[in-house]
Amino acid sequence: MPVVTRIAPSPTGDPHVGTAYIGLFNHALAAQARHRGEEGRFILRIEDTDRGRYVADSERRIFEMMEWLGLTPDESPLQGGPHGPYRQSERLDLYGDAARQLVASGHAYYAFETPEELAALREAAQKEGRVIQVPSRDLTPAQAQARVDAGEAAVIRLKVPREGQTVVHDLLRDPITFQNREIDDKVLLKADGYPTYHLANVVDDRRMGVTHVVRAEEWIPSTPIHVLLYRAFGWPEPVWAHMPLLRNADRSKISKRKNPTSVEWYLDQGFLPEAMLNFLATMGWTHPEGREIFDLAEFQRVFRLEDVTLGGPVFSLDKLRWMNGKYLREVLSEEEVAGRLHAYLAGQGHSLPLDDSFRAVVRMMIPRMDVFSEFLEKTPYFWSEEYPVTEKAQKLLEEGRPFLADLAARLKTLPAFDQTVIEAALRAFAEERGLKPGKVMQPLRAAVAGTSESPGLFEMLEALGQERVVARLERAAR
RNA sequence: GGCCCCAUCGUCUAACGGUUAGGACACUACCCUUUCAAGGUAGCGAUACGGGUUCGAAUCCCGUUGGGGUCACCA
């Protein structure tokens, strides 16, 4: 069975984590079909029929987000494809024709009510606890056509049956039943000639051959409209599957105010796309063998839509961070981490050489960071002599005051400066003074790092190098 | 408020009529240890409630409660 899926974001702002989330599943479904040797396509279509909310670079940023995550679509406005154009604003003729076709077949009608009239109608309907009824529905086709011909502003509305019910066969929640009398006559074509979401969505999905509509739960209430539309056109319905909504900690729909929702933020913070994807995959779904860490290929291998759970998953930044750290420590090699971190830092405007010294610091920091943005924050003393000194480090420095100068002198004379030599020297120094090793090491750490929290002292000293270590010690001893 | 969806530890979830209700994050303790981490071990911690069905219910049915979504010429 061919599987054609899509995401259809509107270009109204930052590339949203929810788009990535839904994109992951749609992308996987298409990939699975291809692996089976069947047709599988994943489309990115831009729903830009609301000119009021259009944001110019949003489309490009959505595409870049998908690429970053490795969810590159097979067809999109940027790549093109055989079913384009992929921007609804470039497909306007289609919708007008489709809407008029429905008027001709009696499934839709021209409506002339003004916004003010509609507001009044809506208020009245609300009072009576029923859905709005549009007077234009009762116009004869000839009457309506005459007013349109006269140039009167009109929208086209779907003529929803007054009786009966419409059942949505959602793959995850089948069946969902709606009473037709509770569905209002939705606008299909706006007065400006632009389609509404409902029309454009159905027409495009049909023309692009979409077989599976996998989208967020918030669309459930409009799905009966879409079903009615498919029927009015005489088209077969796609498979419907409504995924749960990502949630804030208070369980409301994930939002900007309560969570970082822009994927660009995660990129800026230095999250890995692999970890992001892995984490998103565990929202509403679990690996059948209980694995926590798995890659996209593995996800595609074992994912089944039917296994999706429906409780709205709370998006936990804590767990995402843990998972990202896990990738740093257990999935990627040290060399890969160094390379990626270097590229990340370059992207942030820090040009550090990708050399052995950088690699040594990275190696020490891998177990000490979860995301790349922590790297420089935690290692200022590796890159400059102007590193901050914490209060606690200051205290340790005082404790070391009696021997810091001597220690500097001792380290200065060391013939080699590797971990083994350093450790032996320090232990010997402590013993001579009748101090426990820690009593020497802590002040030393404070002197060279300005903090009591650092990687292992010996490896850190080696990475810093004899010259810097001695100089810092001498400075601290003064 | 109408309509619709949902309901297992604080969070993500496992269980698909029979388990001491399992794992992960977070939290706590201990171990390791030169600090901080990482890692290891242990602990804390859940079937919302009430009725059914059944020999047996977290699992099936109904109700209640709770949470969420949606009610535009936005998507």
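Order of the sequence lines sets the chain letters (A, B, ...), proteins ahead of strands, with each chain counted from 1.
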Using a 4.0 Å heavy-atom cut-off, write out nucleotides 21-28 of chain B from 5' to 3' as B (base contacted by protein), S (sugar-phosphate only) or - (no contact).
--BBSS--

Rounded to whole Å, please give me the gap between NZ in A:Lys127 and P in B:G2.
18 Å

Name all residues meeting the side-chain hydrogen bond (donor to acceptor under 3.5 Å, both in side chains) criterion together with A:Tyr266; count only those two or more places apart in sequence or in a different chain, and write none if there are none.
none

Counting only side-chain N and O atoms of A:Arg247, is one of them less than 4.0 Å from OP1 or OP2 of B:G67?
no

Indicate, with a heavy-atom threshold strictly under 4.0 Å, whether A:Arg251 touches base, sugar-phosphate, or nothing.
sugar-phosphate

Scan A:Arg122 against the nucleic acid and name what it touches under 4.0 Å (heavy atoms): base, sugar-phosphate only, or nothing.
sugar-phosphate

Name the pairs: protein N/O against N/O of nucleotides 36-38 of chain B, kept only if under 3.5 Å.
from: B:C36; atom 1: O2; to: A:Arg368; atom 2: NE; distance (Å): 2.7
from: B:C36; atom 1: O2; to: A:Ser454; atom 2: O; distance (Å): 3.4
from: B:C36; atom 1: N3; to: A:Arg368; atom 2: NE; distance (Å): 3.2
from: B:C36; atom 1: N3; to: A:Arg368; atom 2: NH2; distance (Å): 2.8
from: B:C36; atom 1: N4; to: A:Arg368; atom 2: NH2; distance (Å): 3.3
from: B:A37; atom 1: O2'; to: A:Pro367; atom 2: O; distance (Å): 2.5
from: B:A38; atom 1: O4'; to: A:Pro367; atom 2: O; distance (Å): 3.1
from: B:A38; atom 1: O3'; to: A:Arg329; atom 2: NH1; distance (Å): 3.3

I need the full list of salt bridge (Lys or Arg N to Asp or Glu O under 4.0 Å) pairs touching residues 113-122 of chain A, with sequence neighbours left out, sorted by first then second residue.
none

Atom pair distance, as rounded to whole Å: CG in A:Asp250 and P in B:G66:
17 Å

What is the base-pairing partner of B:G1, counting Watson-Crick and G-U wobble geometry with both distances under 3.5 Å?
B:C71

Without decimals, in angstroms, what is the distance between A:Tyr21 OH and B:C12 C1'?
11 Å

Using a strict heavy-atom distance below 4.0 Å, which residues from residues 184-193 of chain A are in contact with RNA chain B?
A:Val187, A:Lys190, A:Ala191

Between residues 298-315 of chain A and RNA chain B, which residues have a heavy-atom gap below 4.0 Å?
A:Thr309, A:Leu310, A:Gly311, A:Gly312, A:Pro313, A:Val314

Mind checking side-chain hydrogen bond (donor to acceptor under 3.5 Å, both in side chains) for A:Asp50 and listing every partner two or more places apart, or none if nothing turns up?
A:Arg53

If we take the C1' atom in both B:C9 and B:U47, what is their distance in whole Å?
10 Å

In whole angstrom, what separates A:Glu217's CD from B:G68's P?
12 Å

Mind checking ring pair (Phe, Tyr, Trp, His ring centres under 6.0 Å) for A:Phe458 and listing every partner two or more places apart, or none if nothing turns up?
none

Could you list all N or O pairs between the protein and nucleotides 42-48 of chain B that sit under 3.5 Å apart?
none

Residues which pass side-chain hydrogen bond (donor to acceptor under 3.5 Å, both in side chains) with A:Glu128, listed by chain and number, not counting sequence neighbours
A:Arg130

Among residues at least two apart in sequence or on other chains, which ones pass ring pair (Phe, Tyr, Trp, His ring centres under 6.0 Å) with A:Phe372?
A:Tyr344

side-chain hydrogen bond (donor to acceptor under 3.5 Å, both in side chains) partners of A:Arg427, counting only residues at least two apart:
A:Glu423

What integer distance in Å separates A:Asp170:CG from B:C5:P?
10 Å

